[in-house]
Asker: 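My structure is below; once you've seen it, I'll send some questions.
These values consider heavy atoms only, across backbone and side chains, with no hydrogens, waters or symmetry-generated copies.
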Amino acid sequence: MWHVETDYFAMAVFIIMLIKEHSLKKEYPDVQTKTFYRVLIVSIVNAVIDIVASIAMNDIKNWWVYQILMTIYVISMPLLAAVWVQYTYVLIHRDEDVKRLKRAGLYLLIPYTAYTLLAVTNPFTGLFFQLTEDIEYTRGILFLPVGVGSIMFYSVIGLMLVLYNWKKIRTRHTAVLLVVFFVMTVCIVCIQLIHPGWLIINASYAVIYVWCDITIEDQRRKALYQQINRKNEELEVIAKKAESAAHAKTEFLSRMSHDIRTPMNAIIGLTHLAREEKDLTVIQEYLQNIESASDFLLGLINDILDMSKIENGDLTLKEDFFSREEFVNSINTVIKPLMNKRNLTFIFNIPEEIDCIRVDRLRFSQVFFNLLSNAAKFTPTGGTVEFTAEVLPEKKDQKAGLRFYIKDNGIGISEEFLPHLYDPFSQERTEMGDKVKGTGLGLPIVKSLVDIMGGTIDVHSCLGKGTEFVVELYVPLADTDVQTDGAQVSLDVLRNVKVLLVEDNEINIYVAQILLEKAGCEVVIAKNGKEAVDQFAASVIGDIKAILMDVRMPIMDGLEATGHIRAMERADAATVPIIAMTAEAFDEERKKTINAGMNYHLSKPINPDLLYQVLVEQLQAGAQE
């Protein structure tokens, strides 16, 4: 008599676990979970086959029904052990490619496939069991060596895999569980061979499966804790970054507030004093100081804009011809007065071997203006600043190599501060440094510009003894014959020229009108783009010689107004010079004004000399067309 009660218990356990694993499959889509899910399905199928086969042995009297059911039972005998070997392989190699794991799993099932093909012949060969006509069951010659032997084979293979790869299995509990499964399988099969009616194998598996489920849950719980800890660490890093960013923003705003208010305080205070002063000499002195404070304020704004462009990757270099003579003149014009004012000895020596190069004039000069102005600021009165250069013997990509030295015997830089030298807004706290006005952006801009130019910059400094910057740049050479002409323009061209000034700010109108009238221009004013279009349309053809156009204005902006003027059907609409005069200084804003039909882009605050020069050049260019 075959007792199937334990199989019912085992099947109930397997089904409950399968339902649970099915609900967790989406939450844990790893290969271990998927493989264990398949193990449970095979276990349920195996339990069903055991139950049906046991019922058949107890009650079925039809020969063919009995034969087919028992053949299915024989086929299923080593299946569960084979699947557990596959599960073991997955636990050992879980970090490998999923396709490789599946392929290896299929290889493990090849012996079982051969076994199955042999077992299905049993109704005709009786190799595993034999049935007499009156349904008497006897074992065949292959039942023990092949049927039971295949279970033993997979159990031994699984046990060897576990023991050989003991350290690769993630938890000790899991390794022990696998050993227990394969050892128990061998033991229980032996017991059932001795006592065929004792159907305890599936019940034993049910106990192991519960242990397996507890182990998996423990792994999941630990993995969840690890995931939570990782998330907490990530959140902590994000929080620190946010806090650092907020602190940096606060520090930036505080620094900018201080640096902007300092020159503004001087401008407002000196303006108030100048209004009440009667002595023209004193007024002139006030105005000079106002101009100095304004230059500093403009430099601060330009530095912030340059740094913003650099950080956003918007800074582009515009190569042009730059002669040695022009570079020397610019240094003498901008830097030498600064040295003289501080009573510094300025040694300036640029080799004559290279007469003309192709670089972005503004950015090339900006590198050395910043380094030299810093040297002047941080060198005490009576000190020395040297600016020398040499031509490198080797070339790179057909470009000439230039090495520049900017050396001073000033206060120097401490070894502790050198790593932060190029950090934006950073300045070393020294007795002299605290007295020097600066944004802390000059050196970061220099470093970024040198990097963009493909060069290098090094610094050698000793606190109290001085600093030396070494800049290496490789630049293409150019012929002096094709240089641009830098001659000064004559303002005679502007006399009696009618200019349409389009501006909505009263103070800007006041300043621009005085500047234009001082140069001899006749000024017509429009306070928005619509007025500008109407006034130009109503004017005599050729009467308005140039238009100075603001961009941001009410009713109609400068871009739209330019489009309307260019679209007019009159002889001067397409040729009248339209010059943007706007506070928008970014390159993309410049492109917008040019694309709208303007001839030139001037950024506020307007440099009077540059305004006159551009007007003359545009009028002369228009006269030649």
Asker: Do the non-hydrogen side-chain atoms of Lys592 and Val551 ever get within less than 4.5 Å of each other?
Answerer: no

Asker: Is there a side-chain contact between Lys336 and Ile331, using heavy atoms and a 4.5 Å cut-off?
Answerer: no

Asker: Checking the side chain of Asn599 only, and the main-chain atoms of Ile578 only, is there a donor and an acceptor separated by less than 3.5 Å?
Answerer: yes

Asker: Phe327 and Phe364: ring pair (Phe, Tyr, Trp, His ring centres under 6.0 Å), yes or no, with the steps?
Answerer: CA-CA 9 Å; Phe327 183 55; Phe364 184 85; 5.4 Å; yes

Asker: State whether Phe322 and Arg358 meet the cation-pi test: NZ (Lys) or CZ (Arg) under 6.0 Å from the six-membered ring centroid, and within 45° of the perpendicular axis.
Answerer: no

Asker: For residues 492-500, tabulate all N or O donor-acceptor pairs below 3.5 Å that involve a side-chain atom, not counting sequence neighbours.
Answerer:
unit_1	atom_1	unit_2	atom_2	d
Asp492	OD2	Ser490	OG	3.4
Lys498	NZ	Asp543	OD2	2.7

Asker: Would you check if Tyr405 and Asn349 make a side-chain contact, meaning some heavy-atom pair closer than 4.5 Å?
Answerer: no

Asker: Taking the cut-offs as 6.0 angstrom to the six-membered ring centre and 45 degrees off its axis, would you call Arg570 and Phe536 a cation-pi pair?
Answerer: yes

Asker: Please determine whether a side-chain nitrogen of the Lys or Arg among Arg552 and Asp550 lies less than 4.0 Å from a carboxylate oxygen of the Asp or Glu.
Answerer: no

Asker: Between Phe387 and Phe368, does a ring pair (Phe, Tyr, Trp, His ring centres under 6.0 Å) hold up when you go through it step by step?
Answerer: CA-CA 9 Å; Phe387 182 26; Phe368 301 105; 5.4 Å; yes

Asker: Is Lys396 positioned over the aromatic face of Tyr474, cation under 6.0 angstrom from the ring centre and no more than 45 degrees off axis?
Answerer: yes

Asker: Verify, without hydrogens or angle tests, whether Thr456 (side chain) and Leu473 (backbone) share a donor-acceptor contact under 3.5 angstrom.
Answerer: no

Asker: Could you tell me whether the side chain of Ile406 reaches within less than 4.5 Å of the side chain of Leu372, counting heavy atoms only?
Answerer: yes

Asker: Does Arg324 reach the main-chain N or O of Ile350 with its side chain, forming a donor-acceptor pair under 3.5 Å?
Answerer: yes

Asker: Can you confirm whether Lys377 sits close enough to Leu338 that some side-chain heavy atom of one is under 4.5 Å from a side-chain heavy atom of the other?
Answerer: no

Asker: Within the structure provided, determine whether Leu402 and Ile354 are in side-chain contact (heavy-atom separation under 4.5 Å).
Answerer: yes

Asker: Looking at Pro351 and Val391, what are the two nearest heavy atoms and their distance?
Answerer: CG-CG2, 4.2 Å

Asker: Check the side chains of Ser323 and Glu326 for a donor-acceptor pair under 3.5 angstrom, ignoring hydrogens and angles.
Answerer: yes

Asker: Would you say that Lys465 contacts Asn409 through its side chain, given a criterion of any heavy-atom pair below 4.5 Å between the two side chains?
Answerer: no

Asker: Do Lys545 and Leu619 make a side-chain contact, defined as non-hydrogen atoms from C-beta onward lying under 4.5 Å apart?
Answerer: yes

Asker: Does the pair Glu234/Arg230 count as a salt bridge with the N-to-O cut at 4.0 Å?
Answerer: no

